[in-house]
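Report on the following structure.
Values in this document were obtained by computation on a predicted structure and should not be read as measured data.
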Amino acid sequence: MAGHSAVRRVVSLVPSLTEAVAAGAPELLVGATDWCEHPAGLDVVRIGGTKNPDLGRIAALAPDLVIANEEENRAPDLGALRAAGLEVLVTEVRSLDQAFRELERVLVRGCGLARPGWLGDAEDAWRDVTAPGPPRRAVVPVWRRPWMVLGRDTFAGDVLARLGVVNIHAGHGERYPRIPLEELNACGADLVVLPDEPCRFSADDGPEAFPGLPSALVSGRHLTWYGPSLTRAPQVLGAALAAAGR
């Protein structure tokens with residue numbers, strides 16, 4: 001779609017995109033999910049979760065544009081919003097380069113905004129990244145009970161690769177495979193990366209499942225969100241990964 005000044009009311013179904021719009025034009029946002037926690041104090045109507053949005057409430061807000069993501073939101077919900085006559089922009093983000101392109105598409109072409117300075121800053125920050133030392137082979141859990149890990153073709157996997165971390169399950173047929181814990185411990189990894197979302201891994205909940213394996217406790221927002229957090233992500237993630245090597 002082409003950006004135009006008529007977009008004055010936006011509903012966001014993606015926390016990353018909510019933050020991206022709010023960074024420069026919070027007045028556009030009239031609705032967001034319960035999981036849209038950044039920026040703090042955002043004053044909009046809450047429309048439920050990413051997987052179970054209140055479609056009637058969204059329609060009642062009469063947005064000019066609904067912004068969504070093919071992974072975070074369900075196709076039937078997006079189809080129902082379109083059937084209700086709403087314009088829905090759906091992003092696909094499976095790599096860092098794709099994230100930059102999609103952010104520009106949402107903000108400039110979708111919302112009709114000027115290209116934000118932070119987007120250029122984020123591109124610069126990642127352009128200068130060099131992996132410290134030899135690659136480290138990692139298991140990257142995203143859930144437990146059951147255990148699920150990063151598989152193929154994921155944004156977070158690409159982010160880690162640029163920081164010198166090779167996702168050991170990147171060649172798996174599924175994007176988020178369920179793999180028994182005993183198999184994860186026997187796969188030959190030399191690092192486990194534990195983000196604090198979507199599962200809230202912490203020093204007391206996660207590392208104990210991987211005895212003898214260094215654990216990197218990382219910010220899930222900096223690993224999985226595509227928005228203003230990308231400007232500091234190399235520094236924040238790099239520090240957490242380096243700490244796991246000591």
Side-chain angles (χ1 to χ4, degrees), residues 14-16 35 49-51 68-78 90-102 126 129 131-202 205-227 229-230 233-234 236-238 240-242 244-245:
V14 185
S16 297
W35 300 107
T50 57
K51 306 296 186 187
N69 176 262
E70 51 91 28
E71 177 181 307
E72 295 196 52
N73 308 119
R74 301 186 319 123
D77 292 331
L78 303 181
V90 182
T91 58
E92 178 184 279
V93 177
R94 302 191 181 190
S95 70
L96 187 62
D97 289 339
Q98 192 176 29
F100 290 140
R101 293 193 300 270
E102 291 287 68
W126 281 99
V129 166
R136 304 169 75 180
R137 289 163 52 81
V139 169
V140 190
V142 293
W143 201 255
R144 64 187 305 174
R145 303 184 190 94
W147 285 95
M148 299 175 65
V149 299
L150 289 186
R152 64 170 180 84
D153 195 23
T154 66
F155 170 74
D158 185 47
V159 165
L160 289 172
R162 293 166 187 263
L163 296 168
V165 176
V166 177
N167 174 18
I168 207 166
H169 294 102
H172 197 282
E174 300 178 23
R175 297 184 67 212
Y176 300 98
R178 298 184 181 189
I179 299 179
L181 183 59
E182 57 270 23
E183 292 185 25
L184 295 180
N185 275 300
C187 69
D190 50 38
L191 176 71
V192 57
V193 177
L194 296 168
D196 60 10
E197 62 174 78
C199 185
R200 195 171 295 277
F201 291 113
S202 67
D205 186 8
E208 78 289 343
F210 301 89
L213 201 59
S215 297
L217 296 167
V218 304
S219 162
R221 176 166 168 256
H222 290 93
L223 178 62
T224 65
W225 287 39
Y226 33 92
S229 59
L230 285 173
V236 172
L237 296 173
L241 293 169

Name the atoms and distances for all side-chain donor-acceptor pairs under 3.5 Å in residues 210-218, with sequence neighbours left out.
none

Result block: side-chain N/O donor-acceptor pairs under 3.5 angstrom for residues 170-178, not counting sequence neighbours:
from   : atom 1 : to     : atom 2 : distance (Å)
His172 : ND1    : Glu174 : N      : 3.0
Arg175 : NE     : Asp153 : O      : 3.1
Arg175 : NH1    : Glu71  : OE1    : 3.0
Arg175 : NH2    : Glu71  : OE1    : 2.8
Arg175 : NH2    : Asp153 : O      : 3.1
Tyr176 : OH     : Glu71  : OE1    : 3.2
Tyr176 : OH     : Glu71  : OE2    : 2.8

Side-chain donor-acceptor pairs of residues 161-168 under 3.5 Å, sequence neighbours excluded:
from   : atom 1 : to     : atom 2 : distance (Å)
Arg162 : NE     : Asp158 : OD2    : 3.1
Arg162 : NH2    : Asp158 : OD2    : 3.4
Asn167 : OD1    : His169 : N      : 3.1
Asn167 : ND2    : Leu150 : O      : 3.1
Asn167 : ND2    : Gly151 : O      : 3.1

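Here Thr91 pairs with Asn69 under the side-chain hydrogen bond (donor to acceptor under 3.5 Å, both in side chains) rule; sequence neighbours left out. Contacts of Asp205 classified as side-chain hydrogen bond (donor to acceptor under 3.5 Å, both in side chains), with partners at least two apart in sequence or in another chain: Arg144. Residues satisfying the salt bridge (charged side-chain N to carboxylate O under 4.0 Å, His left out) criterion with Glu70, sequence neighbours excluded, are Arg94.
Rounded to the nearest 0.5 Å, atoms OG (Ser95) and CZ (Phe100) are 9.5 Å apart. Atom CZ of residue Arg74 and atom NZ of residue Lys51 lie 9.0 Å apart, to the nearest 0.5 angstrom. Rounding to the nearest 0.5 Å places CG of Leu181 at 5.0 Å from CG of Asn185. Here the CG atom belonging to Leu160 is positioned 8.0 Å from the OG1 atom belonging to Thr154, to the nearest 0.5 angstrom. To the nearest 0.5 Å, the span separating OG on Ser202 from CG on Asp196 amounts to 9.0 Å.
Between the side chain of Trp126 and the main chain of Leu230, a donor-acceptor pair closer than 3.5 Å is present. Using a distance-only test at 3.5 Å, with no hydrogens or angles considered, no donor-acceptor pair links the side chain of Asp77 to the main chain of Thr50.
In this structure, the side chains of Glu72 and Pro15 come closer than 4.5 Å at one or more pairs of heavy atoms. The side-chain heavy atoms of Pro141 and Leu194, taken from C-beta on, include a pair separated by under 4.5 Å. Taking 4.5 Å as the limit, every side-chain heavy atom of Asn73 sits out of range of all side-chain heavy atoms of Val90. Inter-residue side-chain proximity for Val139 and Cys187 is flagged as met; some heavy-atom pair is nearer than 4.5 Å.
Contact detail for Trp147 and Ala209: the closest heavy-atom pair is CZ2-CB, 3.7 Å. Tyr226 approaches Val93 most closely through the heavy-atom pair CD2-CG1, 3.7 Å. The two residues Leu241 and Arg136 come nearest to each other via the heavy atoms O-NH1, 3.0 Å. The two residues Ser219 and Leu237 have their closest heavy-atom pair at O-CD2, 4.0 Å. When all heavy atoms of Phe201 and Gly206 are compared, the pair lying nearest together is CD2-CA, 3.9 Å.
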